[in-house]
2 protein chains.
Amino acid sequence: MREETIREQEESFKEYLGRNGLKVTPQRMRILDVFLRRRGHLTSEELHNLARQEDPSLGQATVYRTLKLLADSGLAREVDFSDGAVRYERAADQEHHDHLICERCRRTVEVADERIERLQEELAREHGFLLTGHSMYLYGLCPACRAEDDESRE
Amino acid sequence: MREETIREQEESFKEYLGRNGLKVTPQRMRILDVFLRRRGHLTSEELHNLARQEDPSLGQATVYRTLKLLADSGLAREVDFSDGAVRYERAADQEHHDHLICERCRRTVEVADERIERLQEELAREHGFLLTGHSMYLYGLCPACRAEDDESRE
DNA sequence: GTACTTGCAAACGCTTTGCACTCTC
DNA sequence: GAGAGTGCAAAGCGTTTGCAAGTAC
């Protein structure tokens with residue numbers, strides 16, 4: 001992520017904190033910084049390990065608490081790959097997307113399809129619901145793992 | 001669920017057990033029976049409470065283990081509404097469906113849309129994946145909760 | 001008789017919380 | 001200096017597991 005974008009997101013977080021009577025602390029800013037500099041889907045533990053390299057006294061609980069704040073503030077998004085722990089991704093990366101996950105190697109691809117989104121809206125409306133959000137996870141075998149299968153079958 | 005269907009499912013489970021060198025026990029059959037007679041999305045704990053009324057000595061661990069077997073055998077399906085616990089639903093009820101969940105009252109509606117399924121397949125294929133499964137949860141406000149909102153706004 | 005199963009309780013992994021201390025505003 | 005935030009350790013939660021006793025086949 002570009003330095004400039006990082007600055008913007010930091011400002012945005014500070015603003016969010018101020019607006020909600022919360023305080024700007026070195027821990028919170030460090031966690032945000034590490035989070036933004038890392039692409040992908042991090043668990044709280046992974047983020048803790050990374051951030052602790054810069055500040056060994058940083059506690060795991062603070063990471064959990066800060067990730068919640070980041071999600072609330074809209075800078076991070078929770079994702080659940082059903083692998084035990086909740087993961088977080090940067091919300092700024094894309095407006096919206098879903099995930100395609102390899103069941104064997106856990107590699108993930110972010111996908112988006114406008115047509116599916118529209119159909120989801122439609123489906124909700126048909127049932128009288130006002131759609132506020134959704135989560136869609138597609139599970140399968142990625143190209144590499146499919147190739148492995150083919151080889152072993154020979 | 002009709003008695004006849006229940007019989008069929010019981011037979012199917014016994015067959016699955018035999019085929020895998022597992023045993024037919026009173027606990028397993030009781031859990032299956034309670035599960036089949038209840039529509040909806042049950043947690044292991046809810047099922048344990050129900051089954052315990054018929055057999056007070058039934059252990060929670062046995063319910064967990066049996067639900068895993070039911071899922072493996074294809075009689076039950078795991079669903080995750082992100083409310084903390086894994087839930088199970090009868091697989092025989094529908095070939096396949098997804099869930100529309102009210103964020104306020106937690107009411108759920110089962111939905112299915114052939115067009116969305118096709119697009120999911122297509123999306124996976126575009127990325128070289130072989131699709132094996134998916135989970136889609138739509139979150140929103142149900143008609144009743146929307147009406148409540150409208151009233152309070154007057 | 002030989003696995004496989006059971007119930008119990010302990011362990012598990014992720015997450016939250018109570019607390020005394022520290023810091024931001 | 002008041003209220004929020006921190007790190008720590010303990011607790012919490014749903015779930016899994018080790019074990020000795022019991023049971024299906």
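This structure is a prediction, so every number in the text was calculated from the model and none was measured. Within every chain, numbering begins at 1; the chains are lettered A, B, ... in the order of the sequence lines, protein sequences first and strands thereafter.
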- First of B:Lys23 and B:Ser44 reached from the 5' end of DNA chain D, by closest nucleotide: B:Ser44
- Whole angstrom value for the distance that separates P of C:dC12 from CG of A:Asp83: 20 Å
- Item | Heavy-atom check, side chain of B:Met29 versus side chain of B:Phe13, under 4.5 Å | yes
- Task: Determine whether more than 12 heavy atoms belonging to other residues, nucleotides or ligands lie under 6.0 Å from atom CZ of B:Arg38.
- Result: no
- With the threshold set at 4.0 Å, does a side-chain nitrogen-carboxylate oxygen contact exist between A:Glu10 and A:Lys14? no
- Which part of the nucleic acid, if any, lies within contact of A:Thr43, taking any heavy atom under 4.0 Å across all strands shown: a base, the sugar-phosphate backbone alone, or nothing? nothing
- Query: Do A:Arg39 and A:Arg90 come close enough that some side-chain heavy atom pair is under 4.5 Å?
  - Reply: yes
- Message: I need the CD1-C1' distance between B:Ile31 and C:dT6, as an integer number of Å.
- Response: 10 Å
- Message: Please report the distance, rounded to the nearest Å, between OH in A:Tyr88 and P in C:dC14.
- Response: 14 Å
- Task: Could you tell me whether the phosphate oxygens of D:dT16, OP1 or OP2, come under 4.0 Å of any side-chain nitrogen or oxygen in B:Gln60?
- Result: no
- Task: Consider the side chain of B:Ser57, meaning its heavy atoms from C-beta on, and name the nucleotide among D:dT6, C:dG7, D:dT15 that approaches it most closely.
- Result: C:dG7
- Task: Please name the residue in the list B:Glu110, B:Arg77, B:Glu78, B:Glu46 that meets the side chain to side chain donor-acceptor pair (under 3.5 Å) test with B:His41.
- Result: B:Glu110
- Query: In whole angstrom, what separates B:Asn20's CG from C:dC4's P?
  - Reply: 12 Å
- Residues that B:Arg106 engages under side-chain hydrogen bond (donor to acceptor under 3.5 Å, both in side chains), provided they are two or more places apart: none
- Below 4.0 angstrom from OP1 or OP2 of D:dT6, is there any side-chain N or O of A:Thr25? yes
- Item | First encountered from the 5' end of DNA chain D, between B:Ala85 and B:Pro26 | B:Ala85
- Rounded distance (Å) that lies between atom P of C:dC4 and atom CG of B:Leu17: 13 Å
- Item | Distance in angstrom units between B:Gln27 CD and C:dC8 P, rounded | 11 Å
- Query: Does A:Lys68 have a side-chain nitrogen or oxygen under 4.0 Å from the phosphate oxygens OP1 or OP2 of C:dT16?
  - Reply: yes
- Within less than 4.0 Å of OP1 or OP2 of C:dT5, is there a side-chain N or O belonging to B:Arg65? no
- Item | Interatomic distance, B:Arg52 CZ vs C:dC8 C1' [rounded to whole Å] | 13 Å
- Are the side chains of A:Arg65 and A:Leu69 in touch, meaning some heavy atoms are under 4.5 Å apart? no
- Message: Looking at C:dT16, I'd like to know if its phosphate oxygens (OP1 or OP2) sit under 4.0 Å from a side-chain N or O belonging to A:Tyr64.
- Response: no
- If we fit an axis to the first five pairs and another to the last five of the helix from C:dG1-D:dC25 to C:dC25-D:dG1, what angle do they make, to the nearest 10°? 30°
